[in-house]
Amino acid sequence: MKEKELRRSLAVLPIGTVMKLANLTARQIRYYEEQGLSHPERNAGNRRMFSLNDVDRLLEIKDYLAAGINIAGIKEIYAQQQQKAKQQAADLARPLTDNDVRQILHDEFLNIGGFKSKHGPEFPTH
DNA sequence: ATTCTGACA
DNA sequence: TGTCAGAA
């Protein structure tokens, strides 16, 4: 399930191919990058190289624009998304709380009694 | 042949 | 956003 993500992020498409896949002009594709909405890679010859994820991102931008959202609005949407992503990353790295400890001790108790805990890993192991 | 950047009758 | 120029 991780091999797939890797392929989708491989930048192997030149702008010409992306133009056809997304129905966008080179001008538009370059402009969206200029506005910080997409970040295609560059090859040795300074040519933009897109991944399938990049294409999806372009299609997404296209939809937002069609929905009447301007560039500034799209920027805010992505800003909030990465903001929540950081929050979730922080939650994942959060230290154990008193409730976590109680849960752990509770599970230990059940295990000793010969019962199986139906809880999965939900706290930092280190 | 393709793509890149910069500029604007 | 289109389009043309000059370069890579």
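Lettering follows sequence order; numbering is per chain, from 1. Model, not experiment: these values are computed from the prediction.
- Here the side chains of A:Tyr31 and A:Ile71 are in contact, with some heavy-atom distance below 4.5 Å.
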Task: Contact letters for nucleotides 3-8 of chain C, in which S counts primed atoms plus P, OP1 and OP2 and B counts the base, heavy atoms under 4.0 Å - done: B----B
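- Qualifying side chain to side chain contact (heavy atoms under 4.5 Å, CB included) partners for A:Gln81, counting only residues two or more places apart in sequence or in other chains: A:Tyr64, A:Ile77, A:Tyr78.
- Contact of the A:Glu34 side chain with the A:Leu37 side chain is not registered, since no non-hydrogen atoms from C-beta on lie closer than 4.5 Å.
- Heavy atoms only, all atoms of each residue included: A:Pro14 and A:Phe50 are closest at C-CD1, 4.3 Å.
- Taking atom CZ of A:Phe50 as the reference point, atom C1' of B:dT2 lies 13 Å away to the nearest angstrom.
- Atom P of nucleotide B:dG6 and atom CZ of A:Arg30 are separated by 12 Å, given to the nearest angstrom.
- There is a side-chain donor-acceptor pair under 3.5 Å between A:Asp91 and A:Gln87.
- In this structure a side-chain-to-backbone donor-acceptor pair under 3.5 Å is present from A:Asp54 to A:Ser51.
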TODO: Assess whether side chain to side chain contact (heavy atoms under 4.5 Å, CB included) is satisfied between A:Leu65 and A:Ile69, documenting all intermediate values.
DONE: CA-CA 5 Å; A:Leu65 254 26; A:Ile69 302 175; 5.6 Å; no
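- Residues of residues 15-25 of chain A having a heavy atom closer than 4.0 Å to DNA chain B, listed by number: A:Ile15, A:Gly16.
- Between the side chains of A:Asn43 and A:Arg47, no donor N or O sits under 3.5 Å from an acceptor N or O.
- As judged by a 4.0 angstrom heavy-atom cut-off over every strand, A:Arg48 is placed among residues touching the sugar-phosphate backbone only.
- Summarising the geometry, the separation between CD1 on A:Ile29 and P on B:dT2 is reported as 15 Å, rounded to the nearest angstrom.
- Listed here is the closest heavy atom pair of A:Leu13 and A:Thr17: CD2-CG2, 4.3 Å.
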- [ ] Both distances under 3.5 Å, Watson-Crick or G-U wobble: on that basis, could you give the dot-bracket string for DNA chain C, with [ ] for crossing pairs and | for other-strand partners?
- [x] .|||||||
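- Linking Ile, Leu, Val, Met, Phe, Trp and Tyr residues whenever their side-chain heavy atoms come within less than 4.5 Å places A:Met19 and A:Val12 in a single cluster.
- With A:Glu33 as reference, A:Arg48 is the one residue of A:His39, A:Gln28, A:Arg48 to meet the side chain to side chain contact (heavy atoms under 4.5 Å, CB included) rule.
- The hydrophobic cluster containing A:Leu105, built from Ile/Leu/Val/Met/Phe/Trp/Tyr side-chain heavy atoms closer than 4.5 Å, also comprises A:Val101.
- C:dT1 atom P lies 11 Å from atom CG of A:Leu37, rounded to whole Å.
- Within residues 55-71 of chain A, no residue approaches DNA chain B, by heavy-atom distance under 4.0 Å.
- For the pair A:Asn43 CG and B:dT3 P, the interatomic distance rounds to 11 Å; values are reported in whole Å.
- Taking hydrophobic clusters as Ile, Leu, Val, Met, Phe, Trp and Tyr residues chained together by side-chain heavy-atom distances below 4.5 Å, A:Leu52 shares a cluster with A:Tyr32.
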